[in-house]
There are 2 protein chains.
Amino acid sequence: MRLSQKKIMAVLRQYGYRLTPQRRAIIKTVVLSQDHVTPAAIYDKLHQGQPNIGLVTIYRTLEILTRLGLICQVHAGGGHSYTISASGHHHHLICSGCGLVVDFAGQNLAGLEQRLSRETGFKIEDHLLEFVGLCQDCQRDGV
Amino acid sequence: MRLSQKKIMAVLRQYGYRLTPQRRAIIKTVVLSQDHVTPAAIYDKLHQGQPNIGLVTIYRTLEILTRLGLICQVHAGGGHSYTISASGHHHHLICSGCGLVVDFAGQNLAGLEQRLSRETGFKIEDHLLEFVGLCQDCQRDGV
DNA sequence: TTATAAATGAAAATATTTTTCATTTAATAT
DNA sequence: ATATTAAATGAAAAATATTTTCATTTATAA
């Protein structure tokens, strides 16, 4: 289940952030995008429109949304970090050909986490699990 | 088991790369480093010494070593990607306080990989599993 | 409406990575 | 040993990415 635009805006408000037209537009873009988007891609898509949005605002908004857990970053694949909207605990399957990101869940890492905690003394706060491969389309197209 | 300096150099030679003093110095730095190192950190450590090493050479060498699987990148934690030497298939446990990287193995993701492949049609090539938390020292120091 | 703290965006600063190309050099052949 | 040559280096510039600063605008609440 992906977060809706409405839900994201509600959470923003809940935390005392203002709902500016810029933020609405950025959220809309991230939510409507099927795969992950870079700050630059959002900028390209939005900065001609109304309102005119600066790249700085995009960085700032993505930072807030990430901090609130409303969007998350994709690390593998290109190597750089991209963002994608999603909700609940899940992981990413990333196409190295076209950048498509598929969310998946159902992998319970609690056991492993406990083992690691026990063996290393770490207090584990977070984890990152991503698979990289070729989606069906890219396999067919021989990317 | 971490790769030794000698082993890394042998593999480099095996693939037809030349063993320059610069490459030796870079490999030594990465191997001796307990945690992950950034290109900039390697540069700071080496560019005063003999031989004088340029940042470009560091980027190029790290790229080769990564491609040959002799070192690998760390994605989570700071957000940027860092490199660390290691061998064999393993994953990372990263301290968000001090950057310490602990390797761990023994997590077999083949079953999950198969499931995802079946469900999505992806041809999976690689994966990334990282845990982030606080190491014992940083817990104590209240970082 | 008005007041005001938050948000914006242009510009500059900072940081990161890649490209170019003349020069140097490691490894091979002699 | 020495010469040869393709590979490697590094300075500089270019390209890319991100953050900071600060004057101006604006969403929200009083």
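Every value quoted in this text rests on a predicted model; they were computed, and no experiment measured them. Lettering of chains follows the sequences in order, A, B, ..., and the numbering in each one begins at 1.
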If you count the non-hydrogen atoms of other residues, nucleotides and ligands that lie under 6.0 Å from CD in Glu63(B), is the total more than 12?
yes

Between the main-chain N or O of [Y] and the side-chain N or O of [X], is there a donor-acceptor pair closer than 3.5 Å?
X	Y	value
Ser117(B)	Phe122(B)	yes
Gln136(A)	Lys123(B)	no
Asn52(A)	His47(A)	yes
Gln139(A)	Gly121(B)	yes
Arg23(B)	Arg18(B)	yes

Straight-line distance of Ile71(B) CD1 to Leu65(B) CG, nearest 0.5 Å:
4.5 Å

Just to confirm, is there a sub-4.0 Å distance from OP1 or OP2 of dA6(C) to any side-chain nitrogen or oxygen of Arg13(A)?
no

To the nearest Å, how far apart are [X] [atom1] and [N] [atom2]?
X	N	atom1	atom2	value
Met9(B)	dA26(C)	CE	C1'	14 Å
Glu63(A)	dT8(C)	CD	P	13 Å
Ile64(A)	dT18(D)	CD1	C1'	16 Å
Tyr15(A)	dT28(D)	OH	P	18 Å
Leu62(A)	dA7(C)	CG	C1'	15 Å
Leu12(A)	dA7(C)	CG	C1'	12 Å

Nearest-nucleotide comparison on DNA chain C, the residue closer to the 5′ end among Ile58(A) and Leu55(B):
Ile58(A)

Below 3.5 Å is the cut-off: list the nitrogen or oxygen pairs between protein and nucleotides 10-12 of chain C, distance only.
none

His91(B): which of Leu128(B), Val102(B), Leu109(B) passes side-chain contact (heavy atoms from CB on, under 4.5 Å)
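Only match with His91(B) under side-chain contact (heavy atoms from CB on, under 4.5 Å): Leu109(B).
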
Sub-4.0 Å heavy-atom contacts from residues 16-27 of chain B onto DNA chain D, ordered by number
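Close to the strand are Tyr17(B), Arg18(B), Thr20(B), Gln22(B), Arg23(B).
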
Is the shortest side-chain heavy-atom distance between Ile26(A) and Ile53(A) below 4.5 Å?
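They are in side-chain contact.
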
